[in-house]
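Structure first, then comments.
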Amino acid sequence: MSENTGVTMGTWKNLPVLNVKNESAEAVIALHGAHVLSYKPAGERDLLWLSEKSWAEADQPIRGGIPVCWPWFGSAGDPKHGVARLYNWTLKDAVCKPGSTKLIFEPFQWNDLTASVAVTVADKLVVELTTENRGKADFRLSEALHSYFAVSDISKIEISGLDRAEFIDTLNSTRHIQEGVIRIGAETDRIYDHTPAECVISDPAFAKKIHIRKDGSMSTVVWNPWIAKSKMMPDFGDDEYTGMVCVETTNAANDTRTLAPGKKHTLTTILFLA
Ligand code: TA6
């Protein structure tokens, strides 16, 4: 392994983080929420966005990166977006190979469910969230790898891959069919809940596009808070909406999963530039 590669402990604000560096990429993962804060392929920009005003508190979610929303999405339970992103995860193992580092976290036991997270930092970033139902009853599982991507200017990007896909506009609870690429010019909060598609963020300021590939998911959420909603969030700068967009790999809405006793489900998001 070349110098300066491997996994080291550090801090971000006052939170402990794992700094990963190898020949292919570098990344920062907070133990709080098993939360990927940053992912930079070698010689490339950071794919992920992180708010300057993010909380860094044990009882608050980090704003940006890849929140692990589990074992429910949104307000399907309390707290919103579940308990995993507030949990202090422990690193179980780091598997280091040339050009690839896989972090495996100790499973998180919550009631009858067990969540396992693995993060692979290579020329692609792979986050795997596996749920096992160790109880005696079905569990209605909704979840998200709620990725925040850095963009040059929200008004200039396009998101492709969802043409003709059905979505819920959660701002008014109406259903629509996507026509062509997604362009964002207002608050946008949509759940595309019948699609396995790989999405691509095209940003004219950058030569390479961000690809969001997934497995174990038939739903994708696209979110930008725009002006008014940004001002309502204390952990989100008033003008930060122009530099970010969420394209989230989820099991949400009609893609909520019923997990039978003894069964497992893995939600995987695969991010890369191309
Ligand atoms: O994924 C979109 C969404 O559900 C939006 O409705 C918005 O609430 C966003 O998540 C962020 O939620 P949070 O609880 O992290 O502020």
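For this chain, numbers begin at 1 and follow the sequence in order. Keep in mind the model is a prediction, meaning the values are calculated, not measured. Whatever order the structure lists them in is the order used to number ligands and atoms, beginning at 1.
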- prompt: Is any NZ, NE, NH1 or NH2 atom of the basic residue among Glu179 and Arg164 found under 4.0 Å from an Asp or Glu carboxylate oxygen of the other?
  reply: yes

- prompt: Excluding sequence neighbours, so at least two apart, what forms side-chain hydrogen bond (donor to acceptor under 3.5 Å, both in side chains) with Gln178?
  reply: Arg190, Tyr192

- request: Taking atom types as modelled, find out whether Asp138 and Thr258 have a side-chain donor-acceptor pair closer than 3.5 angstrom.
  value: no

task: Side-chain contact test, heavy atoms from C-beta onward, threshold under 4.5 Å: evaluate it for Asn19 versus Val7 and give yes or no.
output: no

task: For the pair Arg257 and Asp255, find out whether any cationic side-chain nitrogen is under 4.0 Å from an anionic carboxylate oxygen.
output: yes

task: Give a yes or no on whether the ring-centroid distance for Trp110 and Tyr87 is below 6.0 angstrom.
output: no

Between ligand 1 and the protein, which N/O pairs fall short of 3.5 Å?
unit_1   : atom_1 : unit_2 : atom_2 : d
ligand 1 : 1 (O)  : His146 : NE2    : 3.0
ligand 1 : 1 (O)  : Glu248 : OE1    : 2.8
ligand 1 : 1 (O)  : Glu248 : OE2    : 2.9
ligand 1 : 4 (O)  : His81  : NE2    : 3.3
ligand 1 : 6 (O)  : Asp189 : OD2    : 2.6
ligand 1 : 8 (O)  : Lys80  : NZ     : 2.3
ligand 1 : 10 (O) : His81  : NE2    : 3.0
ligand 1 : 10 (O) : His146 : NE2    : 3.1
ligand 1 : 12 (O) : Lys80  : NZ     : 3.2
ligand 1 : 12 (O) : His81  : NE2    : 3.4
ligand 1 : 14 (O) : Arg85  : NH2    : 2.9
ligand 1 : 15 (O) : Arg63  : NH1    : 3.2
ligand 1 : 15 (O) : Arg85  : NH1    : 2.8
ligand 1 : 16 (O) : Arg63  : NH1    : 3.1
ligand 1 : 16 (O) : Arg63  : NH2    : 2.9

